[in-house]
Every structure is written in C-alpha cells, then in structure tokens.
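Counting starts at 1 for both ligands and their atoms, in listed order. Values below: every heavy atom of this structure, side chains too, minus hydrogens, waters and symmetry copies.
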Amino acid sequence: MKKLPKIGFLYLDYVLQFFNKSNFKGWPNKIESVTYHWKNDKKRFVEEVKRKKIEVLIGNIPATAYETFVEIAKELPNVRFVPSIETQFSNKSKENVTLFCKKYDLSIPKTKIFYNKEKGYKYLKEKASYPQIIKRSYGPSNYGGYFVHKADNFKEAKKLLDEKKYNPIYTQNAIDLKDSGDIRVMLIGHKPICAFWRYSGKNQWITNTSQGGSMSYENVPMNALELAVKASKAAKAEYWACDIAICAKTGKAYILECATAFAAFPYIRDWICQYLMWDFSNGKFPKPHIPLFSWEELGKIDSNLLRTLRHIGFGKYTASYDGEYFIKDKKDLYEMELALLSKESDVPQKIDECFEDETNKTLIKEKIFEINKINFNTSTLTDLMTLYGMEEDLALQIQEYLQDNIITDSSDLLELEAIDEQMLKSWDRNIDDMRVDINRIDKENLRKIKGIGKKLAKTISDYREENGYFKNIEDLKNIDGIGKNKFAQLKSRLKIGE
Ligand SMILES: Nc1ncnc2c1ncn2[C@@H]1O[C@H](COP(=O)(O)OP(=O)(O)O)[C@@H](O)[C@H]1O
Ligand SMILES: [Mg+2]
C-alpha cells in the first residue's frame with residue numbers, strides 16, 4: 001500500500017460538504033482537507049495544497065468559483081482534480097450543459113441561446129414552437145425551478161423576459177413529459193447505480209420533489225440509462241448525475257441537466273468513494289459491485305432507514321445449479337469503468353459550437369458586451385438575480401448594504417463577506433457606470449459614498465454653495481483636504497453630469 005496517492009478534500013466556505021473521511025472507510029493513509037475561503041484566497045489555497053503534498057483533490061466547485069479554479073488547476077499541474085475541472089464544466093450554467101451536449105451529440109430539447117435581445121425576441125415571435133421553457137442560464141440551480149419558466153405563447157415569453165431581463169435568453173422546446181415526470185440517474189464509473197422518476201406535485205409542471213412532488217424507483221426506461229451513460233462517458237466523470245425527460249408521444253430521451261454535485265444518500269457517497277479507492281489504488285482496493293436495478297429493491301426501504309444505512313454491499317450472483325450459468329446472459333449490461341483523464345480540449349468552445357449560423361455568431365459576439373447594464377443603486381432584486389452566480393440571500397445583502405451606502409464602484413461590494421474579486425470580474429460587462437453627478441447629489445447622500453465622510457461631505461457641499469456648480473472634476477483639487485490620493489479615489493466615483 002506504499003504507492004497510494006495523497007488524497008485531499010476540496011471544501012469551500014458556505015458550501016455543503018459532499019464527502020468526508022467516513023466515506024473512505026479502509027483507506028490506510030491520512031486524508032487532508034483544504035478549504036477555499038473565497039475573496040483573494042487563490043494563492044494561499046495553492047500553497048496549502050502544495051505544502052500538504054496533495055496529489056488528488058476531491059470535490060465539487062460551485063459555479064461562482066469555477067473560473068478561479070480553472071486558474072488554480074493550472075498552477076497545480078500535478079494534482080488530479082476529481083471530478084476534473086473539465087468534467088465539471090457542464091453543470092456551471094444552463095448554457096454550459098447545452099454546449100456540452102452539442103459537442104458530444106447528446107440528445108437535448110431544441111435549445112436557443114441569444115445574447116442579442118432583439119434576435120431572441122424575433123425567434124420567440126416568429127420561429128419558436130410553444131410551449132417554450134425559458135431558463136436563467138447562470139446562477140444556482142438549487143432553487144427547484146425558481147428560474148425555470150414555461151411560456152405558452154410569445155406574449156407570455158415577452159412579458160417574462162421584459163421583467164426578468166435574463167441575459168442570455170435561454171429558451172428551449174418543452175418536452176411533453178411522460179407521466180408528468182422526469183428521471184434522475186446517478187452513475188459511478190459510467191454505470192447507473194441509482195435511478196428514479198420524479199413526479200411533479202399537484203398543479204405543478206416542474207418535477208420537484210421538494211415542492212410536493214413524489215418519486216418512484218420503478219420502471220426507469222433503458223433509453224434513459226443509455227443516454228446517462230453516454231453523457232457520463234463524454235464528461236469522463238468518475239461520478240455523475242443526469243436529469244432526463246422522456247417524451248410522452250415518442251418515448252425519446254432528452255438531457256435536461258447534468259451534475260457532479262447532487263443530493264445522495266450516504267450509502268451512495270460510500271459507493272462513490274469505494275470506486276475512487278479502486279481507481280486511486282490501481283486495483284488494490286476491490287471494485288464495488290452494484291447490480292443494475294438494485295435501486296428498485298433499495299427503493300422499497302423506508303427512506304428514513306435508507307438515509308442512515310452505510311457501506312451497503314452486494315455479493316456477486318452465483319449460479320445455483322449446473323447449466324444455469326450458461327442459460328443466463330453472462331455479460332454485465334453495463335460495466336463499471338475507470339473514467340479517462342480529461343484534457344483541456346474536452347471543454348466546448350463558448351458560443352462558436354452552439355451557433356451554426358455564421359452571421360448570427362458574429363452578431364452575438366459583438367452584442368455580448370452591450371446589454372443589460374445594472375446600476376446597483378437602482379436595480380431591483382430581479383435585476384440583481386440576473387448576475388452570474390447571484391444567490392437570493394446575497395442579493396438581499398446587497399440591498400441592505402444600499403440602505404447606508406451608495407455604490408459608485410463595484411469594488412465597494414468587497415465589504416460584503418460573500419463577494420470576491422473573481423465574482424466582480426464576472427459581472428464586469430453587466431455593470432453600468434455608477435459614478436454620481438457631483439452637482440446633483442446632496443450632502444446627506446455624499447456621505448454615503450466610499451471615501452467621503454461626514455466632514456468631507458460638508459466641505460464639498462459648502463464649496464459648491466460658494467462657488468457654484470463644478471465645471472470640471474479637477475475642481476475638486478481646489479478643496480482643502482483633497483490631496484492627490486484622495487482626488488484619485490474620488491475621481492472614479494464622481495463625475496460631472498450633462
Ligand atoms: N425542456 C423542458 N421540457 C419540460 N420540462 C422541463 C424542461 N426543462 C426543464 N423542465 C422541468 O423543469 C425542471 C427544472 O429544470 P432544470 O433545467 O433541471 O432547472 P433547475 O433544476 O436548475 O431548476 C425539470 O426538472 C423539469 O421538470
Ligand atoms: Mg434540475
């Protein structure tokens with residue numbers, strides 16, 4: 001057991017931990033853990049991984065930290081991320097799922113993504129078949145359909161988008177769901193190890209078990225499993241979950257969502273880690289044996305009991321009489337396999353691969369930078385929610401912050417614990433010029449600008465009363481107490497209006 005790699009758990013502040021040491025029962029060596037604290041923590045994090053000599057780093061990266069971790073992974077070329085950074089690409093946004101499925105020719109509902117609002121509206125008016133399902137592309141998915149909407153006609157689609165201002169516009173054909181349900185398939189080493197139907201609650205069209213829906217482990221169709229296996233292999237995923245819709249009319253399967261982080265009973269997490277130990281030990285640990293459709297039997301167990309079961313195992317089937325062995329279909333339908341290692345080119349190119357139409361493509365690239373600008377001081381909660389990775393509680397925190405502050409530069413928000421520079425960077429193109437017109441702002445509000453205290457607010461307003469409106473921002477330098485540094489600071493926050 002000498003050559004086992006050094007394992008580390010990748011944890012993040014505020015993010016639920018998926019695995020812990022108890023899942024790695026039997027692993028003889030110490031398992032490290034490294035926690036990412038957000039806010040400029042990249043360098044320290046990299047150092048800690050190096051110092052602890054971690055060779056395999058296990059954990060899911062939330063969408064808001066993904067870009068940072070792409071960089072972190074580059075600085076740790078000898079560390080294997082599990083699942084790999086590339087594998088994790090597809091569940092960072094709805095757009096990413098679509099790009100991933102297009103690249104690997106996986107069946108999805110017909111989907112269009114528009115960065116150009118007019119084009120999007122034109123498509124929805126003239127071409128789209130209804131109902132359309134319109135989704136917010138970026139952001140957390142744990143709202144159980146909070147950002148997923150059904151529009152029955154163009155009027156509804158337009159009303160929705162006028163209000164929500166989603167950017168990009170992500171819209172797809174509604175699948176006429178068989179039995180009003182969809183299917184969650186979980187896989188380990190590309191083998192389905194658990195699958196169930198999720199049915200929507202009464203008067204709901206979204207299949208969400210947290211909103212009064214129900215589930216069933218029975219009769220999961222083979223084509224759903226096949227599609228999930230294909231997706232898992234394309235993603236080179238050690239473990240994986242897929243949400244799949246089955247069309248009521250045709251029986252065809254479509255991928256709705258893919259994930260490397262999902263709700264799973266502890267015994268399933270144990271299985272994943274048994275599989276990982278098999279992988280990391282070059283076969284010295286045994287490969288777990290999990291029969292196909294075993295979920296049908298396990299699903300009969302009361303879920304309260306199921307939640308507490310740990311380290312469940314299955315024996316291999318042995319023939320009970322001579323000859324039976326030869327009658328039975330010998331080969332396992334799906335074998336649990338080692339996932340291949342990812343390479344950078346596994347990740348789809350943004351946009352390019354999604355839009356076949358050349359003219360549309362260039363237009364989108366031009367338009368991408370000029371829509372949906374937000375000024376925090378005037379934006380509604382819904383506006384805030386359109387920002388990449390925004391969570392509802394964070395949006396509320398921002399609104400609370402605005403009660404005593406005027407945000408003139410997005411960096412002001414770094415005062416909030418949950419916001420880091422990476423996040424601000426990802427919002428860059430969506431943030432408006434928030435500088436305040438120095439001639440129109442009153443003393444009370446001046447004080448709410450970063451770098452201006454009560455005293456300076458009074459001085460500025462007194463100066464304005466005595467000398468009339470500022471004609472040039474440089475005039476600020478005439479004020480006693482505003483030196484070179486102060487001026488530089490104020491210049492990015494104040495302007496002369498038209
Ligand atoms: N194209 C579609 N056709 C029919 N139902 C859909 C479609 N897309 C999503 N849904 C329903 O909405 C639910 C949530 O959609 P999903 O894309 O999984 O978003 P999220 O889980 O992030 O809220 C799905 O589980 C499914 O019930
Ligand atoms: Mg979902």
Side-chain angles (χ1 to χ4, degrees), residues 60 62-64 66 88-102 106-113 123-124 128-153 156-157 160 164 166 168-186 194-216 220 224 227-228 231 240-264 385-386 388-392:
N60 184 66
T64 37
Y66 188 65
Q88 299 201 31
F89 171 85
S90 63
N91 65 339
K92 301 313 167 209
S93 69
K94 304 288 180 218
E95 178 176 314
N96 284 15
V97 186
T98 306
L99 295 175
F100 165 72
C101 290
K102 290 222 175 189
L106 299 159
S107 161
I108 45 167
K110 182 179 176 187
T111 305
K112 292 277 173 183
I113 304 167
Y123 170 78
L124 286 165
S129 63
Y130 285 88
Q132 283 287 299
I133 306 293
I134 297 176
K135 307 182 186 182
R136 186 176 72 148
S137 178
Y138 297 101
S141 63
N142 56 353
Y143 280 80
Y146 194 89
F147 301 111
V148 176
H149 318 267
K150 185 151 99 176
D152 283 323
N153 48 54
E156 280 182 26
L160 177 89
K164 304 279 185 196
Y166 288 159
I169 294 174
Y170 180 103
T171 185
Q172 68 182 192
N173 286 5
I175 305 299
D176 178 9
L177 297 181
K178 184 173 187 290
D179 302 327
S180 315
D182 66 358
I183 299 164
R184 160 69 51 92
V185 184
M186 301 177 192
C194 184
F196 49 86
W197 284 93
R198 302 183 302 180
Y199 299 114
S200 42
K202 216 167 177 270
N203 303 323
Q204 296 259 352
W205 64 274
I206 280 176
T207 62
N208 192 291
T209 39
S210 68
Q211 290 173 8
S214 58
M215 54 193 281
S216 163
V220 171
L227 183 55
W240 189 249
C242 256
D243 290 346
I244 289 174
I246 305 290
C247 175
K249 285 192 209 82
T250 63
K252 195 171 166 186
Y254 299 89
I255 289 183
L256 296 181
E257 240 189 334
C258 299
T260 52
F262 42 88
M385 293 307 287
T386 64
Y388 181 86
M390 180 61 73
E391 312 246 2
E392 199 166 56

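Of the N or O atoms in E257, one or more lie within a sub-3.5 Å distance of an N or O in ligand 1.
In E257, the N, O or S atom that comes nearest to the Mg ion (ligand 2) is OE1.
Counting heavy atoms only, D182 comes closest to atom 24 (C) of ligand 1 of the residues D182, D243, I183.
Judged purely by atom type and a 3.5 angstrom limit, N173 has no side-chain atom pairing as donor or acceptor with the backbone of P109. Between the side chain of S180 and the main chain of S200, no donor-acceptor pair closer than 3.5 Å is present. For the pair S107 (side chain) and A253 (backbone), a donor-acceptor distance under 3.5 Å is present.
V97 does not count as a contact of ligand 1, since none of its heavy atoms falls under 4.0 Å from the ligand.
There is no side-chain donor-acceptor pair under 3.5 Å between Y170 and S93.
Close approach to I133 involves these atoms of ligand 1, each under 4.0 Å from a residue heavy atom: 1 (N), 2 (C), 3 (N), 7 (C), 8 (N). Numbered from 1 in the order shown, with element, the atoms of ligand 1 that lie under 4.0 Å from a heavy atom of P109 read 1 (N). Remark: ligand 1 atoms within the under-4.0 Å shell around heavy atoms of R198 are 25 (O). For ligand 1 and K94, the ligand atoms under 4.0 Å from any heavy atom of the residue are 16 (P), 17 (O), 19 (O), 20 (P), 22 (O). When each atom of ligand 1 is checked for a heavy atom of Q172 under 4.0 Å away, the hits are 1 (N), 2 (C), 7 (C), 8 (N).
Residues passing the salt bridge (charged side-chain N to carboxylate O under 4.0 Å, His left out) test with D152: none are found, sequence neighbours excluded. Partners of A128 by side chain to side chain contact (heavy atoms under 4.5 Å, CB included), not counting sequence neighbours, listed by chain and number: Y123, L124, Y130, Q132.
Between Y166 and F147, the ring planes lie perpendicular to each other; the angle is over 60°, past the 30° to 60° tilted range.
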